[in-house]
Amino acid sequence: MDWKLNRFDTLVEMVSFPAPTDSTATTRLQLETETPIREYYETILEDGSQSMPELTIGEHVNFLKYFLLNELPAPYKAYDASHPWLMYWLTNGLELLKVDLSEYYKQISNTVISYGSAGMGGGMGQIPHVASTYAGLMTLAITGENWKDIDRRGTYDWLMSLKNADGSFKMHSDGETDARAVYCALCVARVLDIMTSELTENTVEWLSRCQTYEGGFGGTPDDEAHSGYTFCAVAALCILDSPKNLKSKCDLDRLVDWISARQLPVEGGFQGRTNKLVDGCYSHWTGGLVPLIEMCQPEYFDKIISREALENYILCCCQAQNGGLRDKPGKSPDFYHSNYVLCGLSMCENKYELRPDNLFSYNVTPLKEPTVVAIDPIFGVPNGKVEKFRSFCAAQKW
Ligand SMILES: CC(C)=CCC/C(C)=C/CC/C(C)=C/COP(=O)(O)OP(=O)(O)O
Ligand SMILES: [Zn+2]
């Protein structure tokens with residue numbers, strides 16, 4: 001019998017599976033993706049002919065700033081229901097890159113508030129949607145403007161209208177129910193300080209039911225585990241109760257194993273679900289789970305994933321030559337990937353620990369000279385922004 005050490009230095013039995021007799025579309029795609037990445041790493045790491053690339057900050061700033069300040073080209077009409085998302089991805093990406101956007105804060109905020117004050121739509125005149133509202137309010141948390149224009153009572157009543165009896169939420173009136181909706185609704189309720197026991201009744205139980213036999217969470221109970229939904233579910237559990245208590249709300253060990261298994265051995269980046277390809281945005285959706293668990297179980301610090309391998313993937317494979325960050329080599333950069341790859345890089349550069357005196361706030365310690373701003377691991381904006389917005393709201397009547 002063969003034995004090996006797992007990452008907690010415990011002996012485990014090695015299981016060997018027979019080699020597949022034939023390739024499948026999945027294995028072919030995986031090989032097509034990993035082979036050029038392996039070859040590229042070999043030129044850097046083995047013969048030393050190239051050095052590890054740095055974050056090309058200037059190029060990424062130009063890419064994001066151009067699109068923040070100019071009219072979007074025609075192909076972007078597909079984003080017509082995602083105006084608040086465009087504002088969030090571009091503003092947050094630039095803030096993470098330490099750009100001072102204060103001269104544009106008022107203009108950005110006036111645009112965002114035009115999407116609604118008691119739930120925001122995807123654009124002017126569109127029905128309110130929790131994902132648009134999450135993105136819009138996170139943008140306002142960054143800018144610090146127009147906070148008094150938010151109708152908190154109206155937002156609360158609207159969130160209650162989206163609540164299902166089983167504790168879950170719909171994305172919009174008559175819309176779909178999933179873990180994204182729960183995360184977005186709770187982020188909105190927390191930042192506006194309108195969380196009540198009525199709003200959150202049964203929600204922990206519903207989220208717990210989304211954890212699958214694999215250890216990750218599906219969008220709804222019995223769905224396939226996917227890191228987009230896993231991030232939403234686990235971050236939502238952290239909003240409902242301190243990250244310290246995560247282990248009483250889910251099978252934490254299974255979750256930890258599932259997260260570790262999402263880091264691909266050649267690429268170093270993450271996939272979002274079993275047997276799928278690496279993608280830069282999972283640096284946040286999968287990688288963002290790591291600090292939440294490290295805050296709950298400090299002894300797991302740097303044992304769940306390799307931050308170094310993820311940084312290699314981000315720096316070597318996600319940077320487009322002319323600026324912007326992307327899913328993988330061969331893909332074009334976009335705002336969504338630019339933001340979430342930078343969020344992942346920020347997680348790599350910092351250690352998060354719960355404060356002993358307040359289990360909802362955390363100390364952030366840089367692990368090295370940071371290239372990007374430290375992110376709030378639950379809300380996805382620079383650390384401290386949500387608490388400032390929440391304190392402002394807590395001092396107002398509603
Ligand atoms: C707050 C908020 C709105 C969060 C969104 C979370 C998120 C990213 C969910 C992902 C949903 C999903 C099943 C993608 C699969 O896409 P795919 O099949 O194209 O990708 P894959 O092959 O990598 O699984
Ligand atoms: Zn992606």
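Note that ligands are numbered from 1 as they come in the structure, with each ligand's atoms numbered from 1 the same way.
Given atom 9 (C) of ligand 1, the protein heavy atom at minimum distance is Gly228 CA, 3.6 Å. For atom 14 (C) of ligand 1, the closest non-hydrogen atom on the protein side is His226 NE2, 3.5 Å.
Of all atoms in ligand 1, numbered sequentially from 1 with element shown, those under 4.0 Å from a heavy atom of Tyr183 are 1 (C). Interface of Tyr282 with ligand 1, defined as ligand atoms under 4.0 Å from a residue heavy atom, comprises 20 (O), 21 (P), 23 (O), 24 (O). Ligand 1 places these atoms under 4.0 Å from at least one heavy atom of Cys232: 4 (C). The distance from ligand 1 to the heavy atoms of Tyr336 drops below 4.0 Å at these ligand atoms: 8 (C).
For the pair Arg254 and Trp258, the cation does not sit on the ring face, since its NZ or CZ is not both under 6.0 Å from the ring centre and inside 45° of the axis.
The angle that Cys281 SG and Asp279 OD2 make at the Zn ion (ligand 2), rounded to 10°, works out to 110°.
A donor-acceptor pair shorter than 3.5 Å can be found between the side chains of Ser391 and Glu387.
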- Please step through ring-ring contact (aromatic ring centres under 6.0 Å, His included) for the pair Tyr183 and Phe231, ending with a clear verdict. CA-CA 9 Å; Tyr183 169 70; Phe231 177 84; 5.6 Å; yes
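Classification of Glu224 and Lys276 as a salt-bridged pair fails, no side-chain N sitting under 4.0 Å from a carboxylate O.
In this comparison of His284, Lys276, Arg273, the heavy atom closest to atom 24 (O) of ligand 1 sits on Arg273. Here the shortest heavy-atom distance to atom 11 (C) of ligand 1, taken over Trp85, Tyr229, Tyr134, belongs to Tyr229.
No part of Tyr340 comes within 4.0 Å of ligand 1, judged by heavy-atom distances. No part of Ser227 comes within 4.0 Å of ligand 1, judged by heavy-atom distances. In Phe270, neither the side chain nor the backbone holds a heavy atom less than 4.0 Å from any atom of ligand 1. The proximity of Phe231 to ligand 1, defined as any non-hydrogen pair under 4.0 Å, does not occur for either the backbone or the side chain.
Close N/O approach between Trp285 and ligand 1 is not found [any backbone or side-chain N/O within under 3.5 Å].
Not a single heavy atom of Ala131 lies less than 4.0 angstrom from ligand 1.
Each of Tyr79, Phe67, Trp89, Tyr88 was evaluated against Tyr336; a single residue qualifies, Trp89, per the ring pair (Phe, Tyr, Trp, His ring centres under 6.0 Å) test. Exactly one of Trp85, Phe169, Phe379 qualifies for a ring pair (Phe, Tyr, Trp, His ring centres under 6.0 Å) with Tyr134. That residue is Trp85.
Minimum interatomic distance between His60 and Ala320 (heavy atoms only, all atoms of both residues): CE1-O, 4.3 Å.
The aromatic rings of Tyr156 and Trp398 sit perpendicular, their planes meeting at an angle over 60°, well past the 30° parallel limit. Using a 30° and 60° split on the angle between ring planes, Tyr340 and Trp285 fall in the tilted class, from 30° to 60°.
Atoms CG and CG, on Leu325 and Leu345 in that order, are 8.5 Å from each other to the nearest 0.5 Å.
For atom 19 (O) of ligand 1, no protein heavy-atom neighbour is found at a distance under 4.0 Å.
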